[in-house]
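Written below as C-alpha cells is the structure these notes are about.
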Amino acid sequence: MFIVFIGPPGAGKGTQAERLAAHLEIAHLSTGEVLRQAIERGTSLGKQAEAIIGRGELVPDSVVNAIVAERIDQADCQRGCLFDGYPRTTAQAESLDEFMNERGTPLSLALEIRVSEEELKRRLLSRGRSDDTPETIEHRLQVYESQTAPIVEYYNTACLLVSIDGNGTPDEVFGRVKDCVDQRRK
Ligand code: B4P
C-alpha cells in the first residue's frame, strides 16, 4: 500500500506513520526527517533547508519532490511506502500522483489526522525541537492552513481521503488508524 499522512504540525503524523509502517511492513518516508538529517550532516541540502525550517516555512517543492523521487526507487519501497509530511502543497500532491502513476502504483489512501489547535500547541511546546518556538509554531499553523489544508480537498475529490480523530493517547489514535487501514485492505 502507498499511503499519505496529512495533518498540521504536531498532529502525530511521525508518531503514527512509524507504527503503521511497522504494522504493514512497508517503508516510511518522512521528508522532515530527511531534511533534519541533512542539516545535521551539513550537506548542501541541509544548508539550504536549515533557515527555511527555522522560520517555519516550507522547503521548495522541487527540493522535496526530488527527495521523494530518489527514495521511492529504492528496493524497500517495492511493497509500499508511507509518506509522512509529504505532500504539503497541491503542486507536491500533483507531482506525487505523476510519480506513482508512472510506476503503476497509485496511492491507496490519504489519512488526515485532526487535532485541536490547543492540543497541537501543547504537544509541540513540550517536544521543544529547534523549530518548536511559540512564534514558529504559530507561523507553521498558518502555513498549514494556507498551503497544506487545500490538499485535503484534493484527496477528497480523488475519493482517497479518510479523516481520523488524532486526540487521545498515541495508542488510542493508532487503534483508529489501524482499523481504518485494515478495513481498506480487506
Ligand atoms: P515534520 O518533520 O513533518 O514535522 P511536524 O509536522 O512538526 O510533526 P508531526 O506531525 O510529524 O508530529 P509528531 O508525530 O512528531 O516537518 C518539519 C519541517 O520540515 C516543516 O515545518 C517544513 O519546514 C519541512 N518539511 C517537511 N516536509 C516538507 C514538505 N513536504 N514540503 C516542504 N517542507 C517540508 O508529533 C509531535 C509531538 O507530539 C511529538 O513530541 C510526539 O511525541 C507528540 N505526540 C504525537 N502523538 C501524540 C498523542 N496522541 N498524544 C500526545 N502526544 C503526542
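Just so you know, ligand 1 is whichever comes first in the structure, and atom 1 is the first atom listed for that ligand. Please read these numbers as outputs of a predicted model, since none were measured by experiment. Position 1 is the first residue of the sequence, and the numbers go up from there.
- In the hydrophobic clustering of this structure, Val162 groups with Ile113; members are Ile, Leu, Val, Met, Phe, Trp, Tyr whose side-chain heavy atoms approach within less than 4.5 Å, directly or through other members.
- Using a 4.0 Å cut-off to heavy atoms of Thr169, the atoms of ligand 1 that qualify are 49 (N).
- Contact between Ala11 and ligand 1 is present, with at least one heavy atom of the residue lying under 4.0 Å from the ligand.
- Surrounding CZ of Arg127 are more than 12 heavy atoms belonging to other residues, nucleotides or ligands, all under 6.0 Å away.
- In this structure, Leu120 is a member of the same hydrophobic cluster as Phe174, with clusters built from ILVMFWY side-chain heavy atoms closer than 4.5 Å.
- Some N or O of Val59 is nearer than 3.5 Å to an N or O of ligand 1, by distance alone.
- Closest to atom 27 (N) of ligand 1 by heavy atom, among Asp84, Asp132, Ile53, Thr31, is Thr31.
- For the pair Leu35 and ligand 1, the shortest N or O to N or O distance does not fall below 3.5 Å.
- No heavy atom of Ile52 sits closer than 4.0 Å to any atom of ligand 1.
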Val64 and Leu58: CA distance, side-chain angles, deciding distance, side chain to side chain contact (heavy atoms under 4.5 Å, CB included) verdict = CA-CA 10 Å; Val64 283; Leu58 296 181; over 6 Å; no
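- The nearest non-hydrogen atom to atom 6 (O) of ligand 1, considering only Lys13, Gln16, Arg55, comes from Lys13.
- Within the listing of ligand 1, atoms 27 (N), 28 (C), 29 (C), 30 (N) sit less than 4.0 angstrom from a heavy atom of Gly85.
- Ion pair Glu40/Arg36 not flagged as a salt bridge, since none of the NZ, NE, NH1 or NH2 atoms sits closer than 4.0 Å to an Asp/Glu carboxylate oxygen.
- Under 4.0 angstrom from ligand 1, the non-hydrogen atoms of Pro8 all belong to its backbone.
- One option in Arg88, Glu33, Glu18 has a heavy atom closer to atom 3 (O) of ligand 1 than any other, and that option is Arg88.
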Decide yes or no on side chain to side chain contact (heavy atoms under 4.5 Å, CB included) for Ser30 and Phe5, but give the supporting numbers first.
-> CA-CA 10 Å; Ser30 160; Phe5 261 102; over 6 Å; no
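- Protein heavy atom in closest approach to atom 11 (O) of ligand 1: Gly14 N, 2.9 Å.
- For the residue pair Arg71/Gln74, the side-chain donor-acceptor check at 3.5 Å is satisfied.
- The Pro170 neighbourhood of ligand 1 comprises atoms 47 (C), 48 (C), 49 (N), 50 (N), with distances under 4.0 Å to a heavy atom of that residue.
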Please step through side chain to side chain contact (heavy atoms under 4.5 Å, CB included) for the pair Glu135 and His139, ending with a clear verdict.
-> CA-CA 6 Å; Glu135 301 73 30; His139 187 56; over 6 Å; no
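- The ligand atoms of ligand 1 that sit less than 4.0 angstrom from a heavy atom of Glu57 are 22 (C), 23 (O).
- Of the N or O atoms in Arg122, none lie within a sub-3.5 Å distance of an N or O in ligand 1.
- The side chain to side chain donor-acceptor pair (under 3.5 Å) search around Asp61 returns Thr89, Gln92, not counting sequence neighbours.
- Distances shorter than 4.0 angstrom do not occur between any heavy atom of Glu172 and any atom of ligand 1.
- One finds no salt bridge joining Asp179 and Arg176 here, because no Lys/Arg side-chain nitrogen approaches an Asp/Glu carboxylate oxygen to under 4.0 Å.
- In summary, the atoms of ligand 1 found under 4.0 Å from a heavy atom of Gln92, numbered by their order in the structure, are 29 (C), 30 (N), 31 (N), 32 (C).
- Note: no N/O pair closer than 3.5 Å links Ser30 and ligand 1 by distance alone.
- Taking the charged nitrogens against the carboxylate oxygens, Lys121 and Glu117 do have a contact shorter than 4.0 Å, which makes a salt bridge.
- Considering both main-chain and side-chain atoms, Thr15 comes within under 3.5 Å of ligand 1 through a nitrogen or oxygen pair.
- Within the 4.0 Å heavy-atom shell around ligand 1 one does not find Pro87.
- The residue from Arg36, Arg140, Arg129 that puts a heavy atom closest to atom 21 (O) of ligand 1 is Arg140.
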Are Glu118 and Arg122 close enough, and set up right, to give a salt bridge (charged side-chain N to carboxylate O under 4.0 Å, His left out), and what steps lead you there?
-> CA-CA 6 Å; Glu118 195 188 355; Arg122 193 194 65 73; over 6 Å; no
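- Remark: minimum distance from atom 44 (N) of ligand 1 to any protein heavy atom is reached at Arg123 CD, 3.9 Å.
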